[in-house]
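Below, all heavy atoms of this structure are taken into account, side chains as well, without hydrogens, waters or symmetry copies. Everything numeric here is computed off the predicted structure, so don't read it as measured data. This chain uses plain numbering: 1 for the first residue, then up along the sequence. Note that ligands are numbered from 1 as they come in the structure, with each ligand's atoms numbered from 1 the same way.
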Amino acid sequence: MDIDACLETMTTAEKARLLAGADHWTTCADEAHGIFATVFSDGPHGLRKQEGGCDHLGIERSVPATCFPTASALACSFDESLIEEVGAAIGEEARDQGVDVVLGPGVNMKRSPLCGRNFEYFSEDPLVAGVLGAAMVRGIQSRGVGACVKHFAGNNQEHARMVSDSVIDERALREVYLSAFERVVREARPWAVMTGYNRLNGTYCSENLLLLRDILRDEWGFDGATVTDWGAMSSSAASVAAGLDICMPGPRADHARAIERAVVAGTLSREAVDAAARRVIELSLRARRGRSIPYACDYGRHADVAYRAACESAVLLENDGLLPLAGTERIAVIGSFALLPRYQGAGSSRIEPVCLDDPWSAFCNAGVEATYARGYDPVSGEADEEALDEAARVAAGADVAVVFAGLPDRFESEGFDRKLMVMPRGHRALIERVCAANPRTVVVLQGGSPMEMPWRRLPAAIVLMHLSGCQGGRAAVDLLMGRANPCGKLAETWPERLEDTALGRRFPDTDREVLYRESIYVGYRYFDAAGVQPAYPFGFGRSYTTFSYADPEVHIEDGGYVVSCAVTNTGARAGSETVQLYTALPESRDVREPRRLAAFSKVALDPGESARVAMRIDERAFRVWDRACGSWRVDEGDYELAIGASSRDARLVLRLPVTRGAAPFAVSGPCDRASGMIPEAYLHPSSAGFDDTAFAAWYGGPLPTRRPVRPFTPDSPVSDMGSTFVGRQAFRIVDMLMAKTVARMSDDMRAMMDEIAADMPLRSFTSGGVSFGVVEGLVDVLNGHGVRGMAKIARGLPKSDVFR
Ligand code: BGC
């Protein structure tokens, strides 16, 4: 198709119409011009293709698909090729179900363990999220289906996610929050990028020129389409001008009209509209071409991929030698999660699994002599005395007790954040009672993010399964029985206590202006800089075998360095080891993390077998963002290269002088920044030191002030309306309209809806089919212009506002 010729024959109205969805999941087709619709569907740990009722919160049903482990689990595999395989399987199911673009992966950083959506994200480390996110994109796209990387950018809390403003200094933005997106875009060339709901440094991501034009397209060379998160569009003209291509969901006739009006008024250029329309057409052509690529979709084989992924992602946190089990023991299987496992997260990523196995059935199928005790209520997590007594009795009568515990759905979900890092009381009480009844107890943890484990010294072993997908039950049992050897490593720090994290209880920020006061000190970067000992450090994970490291070497190759060492399996079982390489510049006078993950490589070894593991690093392993120059800089200096089994377990350390002329990339002189110019809080970080004064100095510009509640605008959140009579009546109407849907919801969904609804901007009513005119009318009424507002509401009500 000749896109230039096509655009020439189209009117502005026709082009503008392409820039919003036709319905919840599909873009607009234009048969007269030969433009086909593109079909989106959620991921990212499987496909959520909806056919009947549509929603973006996981409420309505979807077509069954394979449920893979969620990203927080998959990341612990540190296995690019496995994640590529998972991506390919999702791509095949997308083809099978007529989906062109999968909405995922999510590569946002885990800023605090409390973010409700952490289970959907890979890591607190941008290298891990970037490398694994790119692998997922390559996998999906290898099957002729597009991936839509999300949520770009600085979207790190669920609380007030549609109205919050992430205030991030340039260094943290570049080094932590954009870095994974950059890698994915540059290395895997995704077809699409989804903008976050939030504002970034004052401007909504969907209309952020710096993000969408300067960085994404001009700097990183992104050549795909940009899509709003569902309901994220604030200003039609501003977003198109910034480089936003598709407003979802549709229909949004108002979006097209606003674009046309802005073109006529001269506030939006025709070129910007053409560019966006061109990218929408290009996306539909890619999808068209993709549909002709041969593929085979075998759900049975995908279940095997899900099984392998669950095994490779499991992390053995503790083992005093009890594991692996011999298989001849009488086993007490305790905890409702053994029968009703928590295997995926709540919200827009929730899918209907084609098949689902549970640990209890897996034990039975393995021919093990097993007894079951429920222990706690699967929904609330509460345990009564009777259930605890029964569990203790069953445990005492067995050779080994296996307790399944963790975080129930209502403890973590899209749409709200956790308030604390604790497990339900009932789960904790159960673990303590069972460990007291039988010291040969194993705890198997299910949940999407870190939990406080004051009991962690009690059991003989702890296996972290995370949310391990539809085959997690079988995988857990095979790992316990030694049919598979755990090899996962933590892709995020597991703190001892919430108070030990950089943000502690200050997350989520209740202000809408969310100051990222801790700057680059996210995850292990903070724990290392502040000298805080976590329960389990980043990169940590045990195995049933042991590995030794020897003979480190570094040499220059192809514009970078290759760092290598010999790794030997010194135990009696076959196993895999993720070798990690960290860089540091100990003498730095600038703000810098004490160590940075620069590369990793996973190697599978038989007992006694050795292999040489080589890791390639380039200037990204050394660079810092230079605010003054607006570019990256590599400081000259004596770097340390630590090769090890975790961030706190360096086995081999090399010194690497990086000097101008001798390094394989451009190097600046040694950093001459006088330390007096840097706020103390960032040179010697501690949670308490990250205050507003230090941050204001470090941020380098005025901090945003609170946005006034009045006058109301379409961006005002629903909760602000509560102060007006009209607002309270509007609440009632919304409640009435939602009553039927809410009645069908589970507890966790209701909790999610309550939080989301409170902080939803008024404009997001348009996602529910209300026209933008009605929203504008409501805003007028709220601002005291009753007559004008009611007239707009009356005009906005007819269905003519909707594309057909
Ligand atoms: C989520 C996105 C998702 C979209 C469509 C939004 O609520 O933030 O991740 O892709 O809904 O379901």
Side-chain angles (χ1 to χ4, degrees), residues 20-21 23-27 38-51 53-63 65 70-72 90 94 99-108 115-122 133 136-137 140 145-164 166 181 190-198 204-206 225-233 246-250 252 344-352 412-417 448 749 752-753 755-757 759-761 763-768:
D23 60 30
H24 209 88
W25 299 114
T26 314
T27 63
T38 303
V39 181
F40 296 107
S41 234
D42 261 312
H45 62 274
L47 206 64
R48 183 169 166 266
K49 165 82 189 298
Q50 292 190 303
E51 280 185 335
C54 292
D55 70 292
H56 57 279
L57 299 171
I59 300 166
E60 302 290 350
R61 295 185 71 86
S62 56
V63 182
T70 71
S72 63
I90 294 174
V99 170
D100 299 312
V101 177
V102 177
L103 302 176
V107 297
N108 295 95
C115 173
R117 210 171 178 181
N118 275 355
F119 66 85
E120 257 190 81
Y121 300 135
F122 290 102
M136 177 71 90
V137 171
I140 294 173
V145 171
C148 179
V149 182
K150 62 192 187 184
H151 308 87
F152 189 56
N155 185 179
N156 308 98
Q157 70 177 45
E158 288 302 286
H159 175 74
R161 63 178 181 168
M162 298 183 87
V163 289
S164 62
S166 301
F181 286 101
W191 291 13
V193 166
M194 182 191 291
T195 57
Y197 280 125
N198 54 298
Y204 277 114
C205 294
S206 56
T226 50
V227 185
T228 60
D229 198 342
W230 267 228
M233 171 66 66
I246 307 170
C247 163
M248 288 301 285
R252 287 289 302 268
Q344 66 170 332
S348 62
S349 67
R350 193 198 302 259
I351 60 178
E352 305 277 340
E412 56 175 349
S413 166
E414 176 178 345
F416 62 87
D417 297 309
M749 273 187 191
M752 172 177 82
M753 279 306 290
E755 275 239 15
I756 290 183
D759 281 310
M760 218 162 71
R763 62 174 149 77
S764 46
F765 290 158
T766 51
S767 312

I would like to know whether R161 and E414 meet salt bridge (charged side-chain N to carboxylate O under 4.0 Å, His left out); could you show each step before the answer? CA-CA 10 Å; R161 63 178 181 168; E414 176 178 345; 2.9 Å; yes
Has R763 got its NZ or CZ under 6.0 Å from the middle of the six-membered ring of Y204, at an angle within 45 degrees of the ring axis? yes
Nearest to atom 11 (O) of ligand 1, what protein heavy atom do you find, and at what distance? H56 CB, 3.3 Å
Say you draw a straight line from OG1 of T228 to CZ of R252; how long is it, rounded to the nearest 0.5 Å? 8.0 Å
Using heavy-atom distances, let me know which of E414, M248, R117, M194 sits nearest atom 9 (O) of ligand 1. R117
Under 4.0 Å between a side-chain nitrogen and a carboxylate oxygen: does that hold for R61 and D55? no
Where is the nearest protein heavy atom to atom 3 (C) of ligand 1: which residue, which atom, and how far? D42 OD1, 3.3 Å
Distance under 4.0 Å to a non-hydrogen atom of K150: what atoms of ligand 1 satisfy this? 2 (C), 3 (C), 9 (O), 10 (O)
Return yes when Y197 approaches ligand 1 closer than 4.0 angstrom through a heavy atom, no otherwise. yes
Check whether any heavy atom of H151 sits under 4.0 Å from an atom of ligand 1. yes
Where ligand 1 meets L103 - atom numbers and elements under 4.0 angstrom, heavy-atom basis: 10 (O)
Hey, could you give me the CH2/CG distance between W25 and L103, rounded to the nearest 0.5 Å? 6.0 Å
Tell me the contacting part of R161 for ligand 1: side chain, backbone, both, or neither, using a 4.0 Å heavy-atom threshold, strictly below. side chain
So, the side chain of E352 versus the backbone of V63: is there a donor-acceptor pair under 3.5 Å, distance only? no
If you measure from the Lys or Arg side-chain nitrogens to the Asp or Glu carboxylate oxygens, is any gap between E412 and R117 under 4.0 Å? no
With heavy-atom distances below 4.0 Å as the criterion, list the atoms of ligand 1 near W25. 5 (C), 12 (O)
Quick test: of every protein heavy atom, which one is nearest to atom 2 (C) of ligand 1, and how far off is it to 0.1 Å? D229 OD1, 3.3 Å
